[in-house]
Amino acid sequence: INGLVESYIMALKQNPDLPALVILGRYKHLITAIPNLRKLISKEVESRIIFTGYLPTEDLPAIYSQALMFLFPSFYEGFGLPNLEAMACGTPVITSDCSSIPEVVENSAILIDPYNREMIADAINDAFDSPDDPRSLTSAFTRIADALEQIADIYTEQHALPVELFDAVQRGDHDDN
């Protein structure tokens, strides 16, 4: 969390128009629970960093959808499901270039070294300044949706007769002979 906050503060100094950093998590009082976090957050930026505490899973799509970007500088992640959840909501993702994450997000996210605060700050500003970056998830999901539509069209053309027969059987439009 400290690295994320430091990176955001660095990005904010370069670009004061950045929206607030919203940190979701189990504990609302992270600012006092994490060593040195309180020292990082000066009075000038305190109102720009929001700790929500726990949010129910069913609220996450609304949060992801309203976010300008999703930051996930994880040092180790088994799969990186939060990245995919944000991507599914069309939110651009900035995430780690380690563990399995690059394999999962492929070219659909901005990959950063989670230990490199300057790189994270630059990625935040790049994502803010270039919302139409080809790595943005909206672009990636549009490509995926187009590909799935093409596959569906090919499948439908090749399997139209069996589908029609199956539908007829389901409706009971068949002979018992």
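Computed from heavy atoms alone, side chains included, the values below leave out hydrogens, waters and symmetry copies.
Residues I49 and L4 share a hydrophobic cluster, clusters being chains of Ile/Leu/Val/Met/Phe/Trp/Tyr side chains in contact below 4.5 Å. Taking hydrophobic clusters as Ile, Leu, Val, Met, Phe, Trp and Tyr residues chained together by side-chain heavy-atom distances below 4.5 Å, F72 shares a cluster with V22. In terms of hydrophobic clustering, with Ile, Leu, Val, Met, Phe, Trp and Tyr side chains grouped at heavy-atom distances under 4.5 Å, M10 and Y115 are assigned to different clusters.
Annotation: the span from F51 atom CZ to L21 atom CG amounts to 7.5 Å, rounded to 0.5 Å. One finds the CD1 atom of I50 at 10.5 Å from the CG atom of L24 (value rounded to the nearest 0.5 Å). Put simply, CG on L40 and CD1 on I1 are 11.5 Å apart, with the number rounded to the nearest 0.5 Å. Atoms CD and CG, from E85 and L60 in turn, are 6.0 Å apart once rounded to the nearest 0.5 Å. In this structure, M119 CE and D97 CG are separated by 6.5 Å, a value rounded to the nearest 0.5 Å. Note: S47 OG to I41 CD1 = 11.0 Å, rounded to the nearest 0.5 Å.
Between S74 and C98 the shortest heavy-atom distance is O-SG, 3.6 Å. The nearest pair of heavy atoms linking P102 to L111 is CB-CD1, 3.9 Å. Closest non-hydrogen pair, P114 versus P73, comes out as CB-O, 3.6 Å. Between A109 and T95, the shortest heavy-atom contact is CB-CG2, 4.1 Å.
Residue I94 forms a side-chain contact (heavy atoms from CB on, under 4.5 Å) with just one option from N83, D126, L71, and that option is L71.
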request  = In sequence, state the C-alpha distance, the side-chain angles, and the governing distance for I23 and V5, and then conclude on side-chain contact (heavy atoms from CB on, under 4.5 Å).
outcome  = CA-CA 9 Å; I23 299 175; V5 169; 4.0 Å; yes
query = Step by step, would you call N15 with D129 a side-chain contact (heavy atoms from CB on, under 4.5 Å)?
reply = CA-CA 9 Å; N15 194 341; D129 293 335; 3.3 Å; yes
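Within a 6.0 Å radius of CD in E58, more than 12 heavy atoms belonging to other residues, nucleotides or ligands are found.
Judged by distance alone, the side chain of R48 and the main-chain N or O of Y8 form no donor-acceptor pair under 3.5 Å. Between the side chain of S96 and the backbone N or O of F75, no donor-acceptor pair lies under 3.5 Å. In this structure, T91 contributes its side chain and F70 its backbone to no donor-acceptor pair below 3.5 Å.
Contact of the P92 side chain with the I110 side chain is not registered, since no non-hydrogen atoms from C-beta on lie closer than 4.5 Å.
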